[in-house]
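Along the sequence shown, residues carry numbers from 1.
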Amino acid sequence: MLRKTTIFATSLVFLLLSTVSWAYNHPELEWRTIETPHFSVRFHRGEERTAGMAAQIAEEVYDPITSLYDYQPKGKIQILIKDYEDFSNGAAYYYDDKIEVWATNLDFELRGTHTWLNNVVTHEFTHIISLGTTFKFTRRVPSFYFQYIGHEKEKRPDVLSGYPNVLISYPFPGSVIPMWFAEGTAQFQAPGLGYESWDTHRDMILRMATLEDNLLTFSEMGVFGQNTLKAEMTYNQGFSLVRYISEQYGSETLEKLMRAMGKPWRININSALKKTIHLSGEGLYRKWRDHLQQHYLAETKGIRDSLVQGEKLTQGGFLNLYPTWSPDGQKLAYLSNKGKDYYQLTLYTMDISKKEPEAITGGISSSFSWSPNGNSLAYSKRKKYKRYGCHLWDLYTYDLKSKKEKRITHRLRAKDPSWSPDGQSLCFIVNKDGTNNLAIANSDGSGIRYLTHNKDFTQLYRPQFSPQGDKILFGLFRGQSNQGENRNVAIISTDGTGFKYLVRSSFDDRDPCWTPDGKGIIFSSDRTGIFNLYSLSLDEGSLSRLTNLLGGGFLPSLSPDGKSIAYSSYDSQGYSIYLLPRKAGKKVESREFAQIKEENHHQFSLNNSPPSHPYRLTFSQMFIYPRLALDDKKLKAGFYLASNEILDKQSLFFGGLMSRDFDYDLYGIYENRQLFPTLFAEVYALRRHTQDQDQLLLKEDGYYGLFDFDLKYDLLEADVGARFEFCNPLSSFYQKQLTLSLIYSKYGIGLKAKVDSTGATYGKASWTYYRGKDLMVSYYYKNIPPAIDGEINPRGGREMLFRYDRMWNRLSSGEMKNKEGTWVPKYNRNYYNQLLLDWTEYRALPWGRHSLALRLKGGIIDRRVDDFFYFQLGSQEGLKGYTYYYIEGRDMLLGSLTYRFPIFKRINRQIGQVFLSRLYGGLFTEYGRTWHKGDESALSSGKDVGAELRLEGFSFYSYPTRMSFQAAYGMDHPEPKERWRLYFHLLFGFI
């Protein structure tokens, strides 16, 4: 009969499987390959046009980029084209010679608009080539690792060493490049190529940071790990500084710097700069900063004396966007990341008379619209589609009275909705294969009708019905179609006819909105070199400038009475919402600020898709990571080996360490992601030797002698199973995994007896003292709000691990029996069910970045077992004031409370190869107990208090470096001298 624990665990498995989002691995995709002389372009069905274009672009830029850096890869570069999510990004894996590109175009308020595919392919290919010149070793050896494992002195008699209390793993990488230089050169690309040019947005961000003395320091430019705005400034300042180096010292200096960084002894860029341009990093930074200050002060003198900006409405957040008037003109709705560090937008409404914002709903990913009666809002969110686990844009409405949200489309990939004046329809943009189209649907999402049928990578922005409801106004970008690198403004009739440009110039004209009478529009343009707001009369064709800004003005919205303009204005702190009385404006035709835009005139065929063939399984080369470790005072040498299949559908990972006496740690991991679940197989093998551990007086044929024993312990474990991943398994803040596995374990011992006086071998023996099978089910959930200090100090969300094990264990009793003339161990059966729950809640405190973490951990073994299988409650995984084996039992319960607080929120200092980001402190108290049912005498408990320091930073610019020191005082330990326990970790993440 199944016990209750088994029934409960089985029921939980079926409940979790019923909610699986099939599947992050995307087995539904059919992949193909386009081969060119230098590239293999991998793409899934539906991306033929994008893949063909990427192949043309890659071949066109190959010679200019490789010539600049005098470096050519030995084999073909792999390019992966993806479009199964509404997500825009590119990535270069420069040791793998692999580029990943998402087809959706980048539409980001901190960047200008460029032809996405040209931009991203060239950018990532420049990474591959430029960073390929910096390898300190061969491409097969990305890094070395130095490791240290210290152990507690206290241990059980049947355990060889105490539990680890010191863990150090530190890299020495094969490539060391600061982020500003890596991203700056990738944006600079090659002289004259122009696929990623210096534009008005970049100039705006740099200009305001310079004029308001808010530039990143030279050290800060070297790393990421800051908020979205600061990360973008790393790109921006890096691009500007690389351009400055090229202008002052020649573009060939970039290649010289890269190669200088490839010398094995260089751990930062300072010595490379001194060798190539005879300046330190700080010296170069000061010259560049002084140049920027002189340039921008001179260029903006006239503007600073005559600003026209209006009244600031918002406080907090660096992304306050899309201000939109309510139909009655009493409220403004807008998006803001107030209180957030990243691009996480919440929809707010603000009563204009009170200036008090009210949060409505979060997770908005585009512009939005009021219903004509003012009772609802329509917007889009990027939500997970259950069947395949994709994140796609869909339309939602929100009822302001009932405070209920309703999803009105499913898998449509729709964004930027706008309500018609009669409230019966919505117009919106649909995204697919890097191309946008305009569509109309009923207000409930039904009856979808397309107004455009673009197939040329056209991008559309923020459509709006005219006040009369017969036309739609929108922004337009057709850079891939021989129409320049600028946005334009256009209209189209609601029946799909009458397309017409309203503003089409050599400038970036964007973000149009109607005047209340429909006879004019207001839009943003960079025709002076700074984005300002302009009004255009459709009857007269006259153009007037409404603002005179130092930063830039965007996303205007005109009040229903036509008297006020709300818009987003940029300064060095980011975007804020401003309110400006509408006046006649100043008619301007001249360009009052120097044109800073660089043009790109390269053209490619949109219809010439090269032939393709089905994708064939391809693995990367096997990478080698040498290791040197000191484990329990024993020096060991070894390696990691790793290889991934190009689509990341399969992976191989091996590791090994060995000491002089042939102690070893070996393991291998294989993962297969071709099906809905990830299938895996893991094997671990450890060997440990002990010498002179014991001396015994034995009797043999009436002779008494003293013997020494050499012991050899072999531990083997093999796991096979399936893991259902409901989200990106690499996410630092969100995890959701269900794992099913079967684990086999075998522990053996080998014995060699020696005569103490002679050292001669007296006898040998070996046997297996433990065999175990474990059917394991675990569910891990982690949901922590993303924040720059979200790892060092989580301030919200939770982590939860539930695990069920059905154990079939056989453990040696210590006695032997004769089996067919051979002495073999006697085994005791330990068959049981085990449940474990480990739950931590994180809560933000109302002051600063302080937090509380409340943890509850409990475990149950449902019957009597040998203490070899007990829960251990001590050390860093439990009660830190006690050693790992000090408190143990068949059932256990642990509770802890931790208070964390910032000591230095922003250190931002570079010391050698280490960049120090922030330092936090913590205080904790813990209580735990173990017991056995029916045996109250076995009850054991303990409590402790302690403190912790956590230091977060980076090594060699890109390697996460996390250091922690903990001191815990075991209040119930009987020996006062043994009450303090210390722990130290230097790893890539916090434990």
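If you check the side chains of E154 and Y884, you find no donor sitting under 3.5 Å from an acceptor. Between the side chains of N320 and S576, no donor N or O sits under 3.5 Å from an acceptor N or O. A donor-acceptor contact closer than 3.5 angstrom is absent between the side chains of S732 and E791. Inspection of the H850 and Y899 side chains reveals an N or O donor paired with an N or O acceptor under 3.5 Å. Side-chain contact of Y342 with N337: a donor-acceptor pair under 3.5 Å is absent, judged by distance alone. Using modelled atom types and a 3.5 Å distance limit, the side chains of D866 and N830 yield no donor-acceptor pair. A side-chain donor-acceptor contact under 3.5 Å links S851 and N793. For the residue pair T678/N25, the side-chain donor-acceptor check at 3.5 Å is satisfied. For the 3.5 Å distance criterion, the side chains of Q872 and Y163 fail to qualify, holding no donor opposite an acceptor.
Remark: aromatic rings of F224 and Y235 are close, center separation under 6.0 Å. Outside the 6.0 Å centre-distance limit, the rings of Y713 and Y747 are not counted as a close aromatic pair.
Taken to the nearest 0.5 Å, the CG atom of L873 stands 14.0 Å off from the OH atom of Y885. With rounding to the nearest 0.5 Å, the separation of CD in E220 from CZ in R909 is 8.0 Å.
Using a 4.0 Å cut-off between charged nitrogen and carboxylate oxygen, D665 and K636 count as a salt-bridge pair.
Looking at every heavy atom in both residues, T346 comes nearest to Y348 through O-CD1, 3.3 Å. L894 and E877 make their closest contact through CD2-O, 4.4 Å (heavy atoms, listed as atom of the first residue, atom of the second, distance). Pairing each heavy atom of K782 with each of I784, the nearest pair is CE-CD1, 3.6 Å.
A donor-acceptor distance shorter than 3.5 angstrom exists from the side chain of D341 to the backbone of I788, with no hydrogens or angles considered. Listed for the T739 side chain is no donor-acceptor partner under 3.5 Å among the backbone atoms of Y779.
Tested against H985, the residues Q966, R950, Q876 include a single side-chain hydrogen bond (donor to acceptor under 3.5 Å, both in side chains) partner, Q876.
The salt bridge (charged side-chain N to carboxylate O under 4.0 Å, His left out) search around E682 returns none, not counting sequence neighbours.
A 4.5 Å side-chain heavy-atom check between Y781 and Y734 finds at least one atom pair inside the cut-off.
The aromatic rings of F218 and W180 sit tilted relative to each other, their planes meeting at an angle between 30° and 60°. Ring geometry, Y145 versus Y625: the interplanar angle falls from 30° to 60°, so the pair is classed tilted. Taking the six-membered ring where the residue is Trp, Y770 and F868 present tilted rings, their angle falling between 30° and 60°.
In this structure, K880 fails the cation-pi test against Y983, since its NZ or CZ atom is not both closer than 6.0 Å to the six-membered ring centre and inside 45 degrees of the ring normal.
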Practice item. Show your working on side-chain hydrogen bond (donor to acceptor under 3.5 Å, both in side chains) between K381 and T361 and close with a plain yes or no. Key: CA-CA 11 Å; K381 288 186 174 182; T361 184; 3.3 Å; yes
